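Small disclaimer: the values here were computed from a predicted structure and weren't measured.
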Amino acid sequence: MAKLLLSLWLPNPKVQYGGRLCVKCCGSDEEKGEKKKRLSKQSSWEAKDAEGRDYLYRLGKEADNMNIAVGQRAGVIDDLFAGNFLGKDSDIVFDYRQKVTRSFEHIQGDYYIAPVFMDKVVCHIVKNYVAHLLNTKVPLILGIWGGKGQGKSFQTELIFQAMGIEPVIMSAGELESERAGEPGRLIRERYRTASLVVQNQGKMSCLMINDIDAGLGRFGNTQMTVNNQIVVGTLMNLSDNPTRVSVGQDWRESDITNRIPVIVTGNDFSTIYAPLIRDGRMDKFYWQPNHEDILNIVHRMYEKDGISRDEVERIVDTFPNQALDFYGALRSRTYDSSILKWIDDIGGVENFGSKILKRRKDLNLPVFIPPEQTVDALLESGYSLLKEQQLIMETKLSKEYMKNIGD
């Protein structure tokens with residue numbers, strides 16, 4: 001009865017031990033402070049950023065507050081799970097969620113790299129990595145431009161493979177979006193990702209944008225979009241401030257990005273906004289392989305097929321003024337007859353899909369026999385490709401379709 005009366009009189013009694021009553025919410029201010037401090041260490045809702053401000057409030061102020069790239073980073077959210085084994089400012093799931101870098105295990109074989117091309121790319125990369133040691137201004141961007149199909153991207157990738165570089169590669173198709181500002185933000189994010197490769201993996205990295213003139217160039221009466229302007233401004237800002245790169249958050253003094261070299265490729269840089277390609281921001285390199293470069297590159301391409309250098313010279317001289325990808329297409333075209341024969345051996349076009357996609361593991365397909373590469377077969381393929389090129393240039397079907405309009 002006494003316990004019942006006591007429970008009605010005292011608010012929130014807990015339990016009684018040895019004649020002493022312990023009640024919730026009773027205790028000194030110091031005990032309350034310790035208890036609150038312990039809760040804040042376990043709660044993400046009370047986390048502070050590097051400057052001591054409320055993290056979630058600052059995150060809500062940003063343009064895109066659905067930021068899944070925050071991760072478990074020391075000093076930001078859930079310090080308990082960040083650990084020290086990856087560094088204080090690293091993301092423990094970087095390799096799984098942000099693997100936008102490129103490796104080149106698929107490039108097998110011994111390919112030829114033109115010495116002048118290698119010297120230019122290697123010099124640009126090394127100069128940017130030691131820019132703080134040089135008493136001169138180093139352009140952040142290297143613009144490699146020239147004719148179509150001359151191997152600008154592939155030669156650059158071969159150099160990345162030789163130097164052990166793990167680059168972040170973009171294309172012109174990513175420079176436009178239905179959301180204003182998204183491509184510019186993407187470039188800054190990819191730049192910071194390359195910086196994290198250097199910081200967290202101890203590898204060299206760079207940002208490469210292929211066919212940049214297709215995304216930023218002005219052709220005829222094409223219209224300049226907001227995203228075009230923001231992308232140009234982003235690249236200009238990167239060139240002027242390569243170690244301070246924002247992706248929407250407030251500036252922090254501790255947020256310093258590694259300087260990352262940028263390489264862009266294109267066909268005609270005269271279509272790009274002139275202040276972006278000025279000498280202080282972009283180092284230009286015009287790539288036009290000479291006859292000797294073409295012979296060396298094509299010979300390495302056909303060397304495993306037993307084609308001699310003299311035979312390669314005969315092929316190149318038969319089809320002069322062709323891009324390098326033309327000579328690669330010759331070899332691909334020679335496979336056509338062998339592939340058609342293989343389809344017949346499987347059971348014809350009607351049964352090909354069911355046997356390839358739905359076949360049982362114990363069902364053995366006929367062995368595909370690749371064609372034997374000969375000079376005559378390559379020349380025959382070359383004449384076929386040349387005929388297709390001439391038909392495109394000479395036959396204007398659009399004029400045939402439109403000739404009766406207006407009559």
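- Side-chain atoms of Glu174 never come within 3.5 Å of backbone atoms of Pro183 as a donor-acceptor pair (strictly under, hydrogens ignored).
- Remark: the backbone N or O of Gly328 is not paired with any side-chain donor or acceptor of Ser332 at under 3.5 angstrom.
- In this structure, the side chain of Arg190 does not engage the main chain of Leu207 through any donor-acceptor pair within 3.5 Å.
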For Lys127 and Asp283, what are the C-alpha separation, side-chain angles and deciding distance, and is it a salt bridge (Lys or Arg N to Asp or Glu O under 4.0 Å)?
CA-CA 12 Å; Lys127 280 173 64 178; Asp283 189 10; 5.2 Å; no
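- Asp345 approaches Pro366 most closely through the heavy-atom pair O-CG, 3.7 Å.
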Report the C-alpha separation of His291 and Asp317 in whole Å, then their side-chain angles, then the decisive distance to 0.1 Å, and conclude whether the side chain to side chain contact (heavy atoms under 4.5 Å, CB included) test is met.
CA-CA 9 Å; His291 188 263; Asp317 292 341; 3.2 Å; yes
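- Atom NZ of residue Lys120 and atom CH2 of residue Trp287 lie 13.5 Å apart, to the nearest 0.5 angstrom.
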Show the numbers, then the answer: is there a side chain to side chain donor-acceptor pair (under 3.5 Å) between Asn296 and Arg309?
CA-CA 8 Å; Asn296 289 328; Arg309 183 181 173 84; 2.8 Å; yes
Would you please test Cys206 and Phe160 for side chain to side chain contact (heavy atoms under 4.5 Å, CB included) and show each step?
CA-CA 9 Å; Cys206 72; Phe160 291 158; 3.3 Å; yes
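- Taking both residues in full, the closest heavy atoms of Gly215 and Ala172 are given as N-CB, 3.7 Å, listed atom of the first, atom of the second, then distance.
- One N or O on the side chain of Arg192 and one on the backbone of Val245 form a donor-acceptor pair closer than 3.5 Å.
- Contact record, Ser205 with Ala194: OG-CB, 3.4 Å, taken as the closest heavy-atom pair.
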Start with the C-alpha gap between Tyr191 and Val168, add the side-chain angles, then the distance that decides, and say whether side chain to side chain contact (heavy atoms under 4.5 Å, CB included) holds.
CA-CA 8 Å; Tyr191 185 92; Val168 177; over 6 Å; no
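- His124 places a side-chain N or O within donor-acceptor distance of the main-chain N or O of Leu140, the cut-off being under 3.5 Å.
- Proximity of a side-chain donor or acceptor of Asp305 to a complementary backbone N or O of Ile307 within less than 3.5 Å is not detected.
- Salt-bridge check for Arg314 with Asp310: failed, with every basic side-chain N at 4.0 Å or more from each acidic carboxylate O.
- Partners of Arg333 under the salt bridge (Lys or Arg N to Asp or Glu O under 4.0 Å) rule, at least two apart in sequence or in another chain, are Asp336.
- The minimum heavy-atom distance between Val116 and Phe285, with the atom names listed, is O-CZ, 4.2 Å.
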Can you check side chain to side chain contact (heavy atoms under 4.5 Å, CB included) on Leu235 and Ile212, steps first, answer last?
CA-CA 11 Å; Leu235 291 173; Ile212 191 172; 3.8 Å; yes
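- Within the 4.5 Å cutoff, the side chain of Asn227 has heavy atoms near those of the Ser177 side chain.
- Side-chain contact between Lys203 and Val198: absent, with no pair of heavy atoms (C-beta onward) separated by less than 4.5 Å.
- Surrounding CD of Glu372 are at most 12 heavy atoms belonging to other residues, nucleotides or ligands under 6.0 Å away.
- Using a 4.5 Å cut-off on side-chain heavy atoms (C-beta onward), Val197 and Ile260 make no contact.
- In this structure, the side chain of Gln199 does not engage the main chain of Thr257 through any donor-acceptor pair within 3.5 Å.
- Contacts classified as side-chain hydrogen bond (donor to acceptor under 3.5 Å, both in side chains) and involving residues 133-154 (residues at least two apart or in different chains) are given here: Ser153-Asn210.
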Let me see the working for Thr225 and Asn228 under side chain to side chain donor-acceptor pair (under 3.5 Å), right down to the final yes or no.
CA-CA 5 Å; Thr225 67; Asn228 293 153; 3.1 Å; yes
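- Smallest separation of non-hydrogen atoms from Ala180 and Val226: CB-CG1, 4.3 Å.
- The closest side-chain heavy-atom distance from Arg259 to Pro242 is below 4.5 Å.
- Enclosure of atom CD1 in Ile369 is not indicated, since only 12 or fewer non-hydrogen atoms of other residues, nucleotides or ligands lie within 6.0 angstrom.
- Distance alone, capped at 3.5 Å, is enough to place a donor-acceptor pair between the Thr334 side chain and the Arg331 backbone.
- Side-chain contact between Phe117 and Asp293 is absent, with no heavy-atom pair separated by less than 4.5 Å.
- Applying the 6.0 Å contact sphere to NZ of Lys387 captures no more than 12 heavy atoms from other residues, nucleotides or ligands.
- Distance OH/Tyr383 to OG1/Thr318: 5.5 Å, rounded to 0.5 Å.
- Note: Asp211 CG to Leu216 CG = 11.5 Å, rounded to the nearest 0.5 Å.
- In this structure, the separation between CG on Leu186 and CZ on Arg179 is 11.5 Å, given to the nearest 0.5 Å.
- Taking the six-membered ring wherever Trp is involved, the centroid distance between the rings of Phe319 and Tyr327 does not fall below 6.0 Å.
- Heavy-atom minimum distance, Gly149 versus Ala323: O-CB, 3.5 Å.
- Going from atom CZ of Phe326 over to atom CD1 of Ile294 covers 12.0 Å, rounded to the nearest 0.5 Å.
- Atom CD of Glu380 has 12 or fewer neighbouring heavy atoms from other residues, nucleotides or ligands inside a 6.0 Å radius.
- Between atom CE of residue Met282 and atom CD1 of residue Ile263 there is a gap of 11.5 Å, rounded to the nearest 0.5 Å.
- Looking at heavy atoms from C-beta onward, Val262 lies out of side-chain contact with Leu142 at the 4.5 angstrom threshold.
- Side-chain atoms of Leu175 and Ile187, non-hydrogen and from C-beta on, do get closer than 4.5 Å to each other.
- The closest side-chain heavy-atom distance from Tyr335 to Phe368 is below 4.5 Å.
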